[in-house]
Protein chains: 2
Amino acid sequence: MPTPRPRGPKAVKMDPRTLLDAALKVFARDGLEGASLRAIAREAGCDPSLIYYHFENKEAMFSALLEERIPPLVKDLRRLADPLDPRGTAEKLWTAMRCFHRHLHDSAGFRAMVRGQIVRGAETIPEQLARRLRPAQFAVIAIIRRGLRRGELRPGLNPYLVGLFLIRMEAEILDLVPVFAERLSGLKPTVAVAAAECTWFDVFWRGVAAHPMEPLPFLESL
Amino acid sequence: MPTPRPRGPKAVKMDPRTLLDAALKVFARDGLEGASLRAIAREAGCDPSLIYYHFENKEAMFSALLEERIPPLVKDLRRLADPLDPRGTAEKLWTAMRCFHRHLHDSAGFRAMVRGQIVRGAETIPEQLARRLRPAQFAVIAIIRRGLRRGELRPGLNPYLVGLFLIRMEAEILDLVPVFAERLSGLKPTVAVAAAECTWFDVFWRGVAAHPMEPLPFLESL
DNA sequence: CCCATAATTCAACAAGCGTTGAAAAAGGAC
DNA sequence: GTCCTTTTTCAACGCTTGTTGAATTATGGG
């Protein structure tokens with residue numbers, strides 16, 4: 001019984017970015033498995049087939065989403081990894097973690113993609129994502145290598161694994177802590193996430209630093 | 001063109017456990033999203049509808065799978081958390097981590113469930129799983145609390161978060177390290193996972209221990 | 001030997017998905 | 001005013017999924 005909607009151009013044309021925004025909203029609300037083209041179209045207030053006017057197919061749409069969201073993250077991390085940036089390794093790694101927070105916290109669906117979850121109609125997205133995220137991974141590893149050279153990190157640590165620990169735990173915190181926060185501690189999700197990140201970085205840094213007892217002045221405000 | 005198979009009972013009747021084993025095999029090979037009833041039936045060499053003779057529906061089948069796999073894990077962890085077990089906190093936490101390894105390493109699909117991934121026809125499974133895994137979580141937390149009381153862990157640490165760090169990173173290692181192992185290090189997956197676990201526990205323990213420099217004799221064989 | 005029951009397959013259903021081709025309407029060009 | 005292009009919706013297709021009811025056959029009891 002859906003009353004038919006008039007065809008033809010609307011007063012305000014549909015911008016592809018509006019569709020991407022709708023997709024992100026559905027991602028955040030219903031996760032990756034809820035992000036069907038019909039759901040995205042409903043969120044954007046249009047017909048599913050309109051998506052095919054603006055994008056080649058679902059995969060291309062998701063690709064455009066990656067194109068929109070990943071380069072800023074990579075840019076931030078590259079700047080951080082620049083050897084000319086004089087900050088210490090602890091502060092750089094903390095900032096790298098917060099970078100991931102900034103770029104991933106608003107979309108569980110995005111994190112599910114990062115995790116490699118497969119979606120019908122967008123099967124090659126996990127591979128694409130891994131490829132495009134590699135520069136981000138390399139930037140983190142570069143920071144860690146520099147920390148090893150400068151003697152700020154314990155010798156013998158595998159930079160790849162250290163980077164994996166730092167970043168994947170950040171993603172886990174963003175996924176899990178908001179769910180349990182209110183039940184366990186009565187804290188607001190954002191506060192609980194911030195507290196968990198501080199605890200995690202504290203544990204992480206003591207675990208990898210060559211001199212873990214030296215104070216971390218950049219963390220004092222917390 | 002599929003030549004019809006004879007109906008009626010076979011020489012060897014189908015055991016529900018055989019179906020569960022087939023489901024686990026599909027989980028390990030194709031992950032959670034590949035585990036359709038048709039795929040499981042194909043693996044077990046029977047018709048999908050036979051599953052409905054032995055289980056009420058897909059959800060009940062997955063439930064039975066949890067019933068089969070979770071209690072042994074919980075039992076192991078409860079024994080470990082028993083205050084009468086005199087081992088130190090470091091060894092207990094290492095053993096707890098290895099418990100999760102033992103019970104989860106063979107099934108990426110199972111880990112995806114633990115992660116809360118949703119599956120059509122088994123929508124309530126993540127909630128069930130979380131509920132049934134809670135005793136495991138509590139056991140780990142109990143170990144950590146004891147460690148805090150005995151002064152083996154740094155005071156002020158949140159036991160819930162510390163447990164989360166230890167266990168979720170183990171799951172991440174099982175998910176990610178095998179994929180990258182051969183490309184990055186040329187190591188066999190099992191060896192790479194073992195090495196990553198050692199590195200992780202080393203970092204973790206230095207991060208949470210009150211006296212991280214004391215040697216860990218139980219780790220010396222590695 | 002007959003019959004009830006247990007175990008199995010088959011064919012079909014409805015729902016959801018990504019996708020496509022055609023129809024409709026608005027806006028600008030001439 | 002007419003026509004062409006752009007933007008939009010609609011209806012349908014083919015596929016996969018969980019699920020069901022009927023048909024079929026082997027087995028064991030009386």
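Convention: sequence-line order gives letters A, B, ...; per-chain numbering from 1. No hydrogens, no waters, no symmetry mates; every other heavy atom, side chains included, goes into these values.
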Return the value, rounded to whole Å, for the distance between atom [atom1] of [X] and atom [atom2] of [N].
X	N	atom1	atom2	answer
B/Leu50	C/dT8	CG	C1'	6 Å
A/Ile51	C/dC17	CD1	P	12 Å
B/Leu32	D/dT17	CG	C1'	14 Å
B/Asp30	D/dT16	CG	C1'	15 Å
B/Ile40	D/dT19	CD1	P	11 Å
B/Phe55	C/dA7	CZ	P	13 Å
B/Glu123	C/dA15	CD	P	15 Å
B/Arg120	C/dA15	CZ	P	11 Å

Just the table, please: protein N/O against nucleotides 19-21 of chain C N/O, every pair under 3.5 Å.
unit_1, atom_1, unit_2, atom_2, d
C/dT19, OP2, A/Tyr52, OH, 2.2
C/dT19, OP2, A/Lys58, N, 3.0
C/dT19, O5', A/Tyr52, OH, 2.7

Evaluate the criterion salt bridge (Lys or Arg N to Asp or Glu O under 4.0 Å) for residue pair B/Arg79 and B/Asp82; output intermediate values, then yes/no. CA-CA 5 Å; B/Arg79 189 163 352 118; B/Asp82 183 345; over 6 Å; no

message: Using the side-chain heavy atoms of A/Ser36, tell me which of these nucleotides is nearest: D/dC10, C/dT9, C/dG18.
response: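 Side chain of A/Ser36 sits closest to C/dG18.
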
So, do [X] and [Y] sit near enough that their side-chain heavy atoms are less than 4.5 Å apart?
X	Y	answer
A/Arg115	A/Arg168	yes
A/Leu93	A/Phe201	yes
A/Leu129	A/Ile70	yes
B/Gln137	B/Tyr160	yes
B/Lys25	B/Ile40	no

Legend entry - Parallel, tilted or perpendicular: rings of A/Phe204 and A/Trp200 (30°, 60°):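 Because their plane-to-plane angle lies in the 30° to 60° range, the rings of A/Trp200 and A/Phe204 count as tilted.
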
Sugar-phosphate only, base, or nothing, as touched by B/Val12 at under 4.0 Å among non-hydrogen atoms: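 Answer is sugar-phosphate: B/Val12 comes under 4.0 Å of backbone atoms only.
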
Distance below 4.0 Å between A/His54 side-chain N/O and D/dT7 OP1 or OP2
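Answer no for this pair, as no side-chain N or O of A/His54 is under 4.0 Å from OP1 or OP2.
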
OP1 or OP2 of C/dT9 versus the side-chain N and O atoms of B/Arg5: is any pair under 4.0 Å?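 Checking B/Arg5 against C/dT9: at least one side-chain N or O falls below 4.0 Å of OP1 or OP2.
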
| field | Which atom of B/Arg111 lies closest to which atom of B/His105, heavy atoms considered | value |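 In terms of heavy atoms, the two residues are closest at NH1-O, 3.5 Å.
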
| query | Any idea which heavy atoms bring B/Arg146 and B/Thr89 closest together, and the distance? | reply |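 Result for this residue pair: NH1-OG1, 3.9 Å.
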
**Study point:** Upstream residue (5' side of DNA chain D) when A/Tyr53 and B/Glu33 are each assigned their closest nucleotide
**Key:**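 With A/Tyr53 and B/Glu33 compared, the 5'-side residue is A/Tyr53.
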
Could you write out each protein N or O paired with an N or O of nucleotides 23-30 of chain D at a distance under 3.5 Å?
unit_1, atom_1, unit_2, atom_2, d
D/dA23, N3, B/Arg7, NH1, 2.8

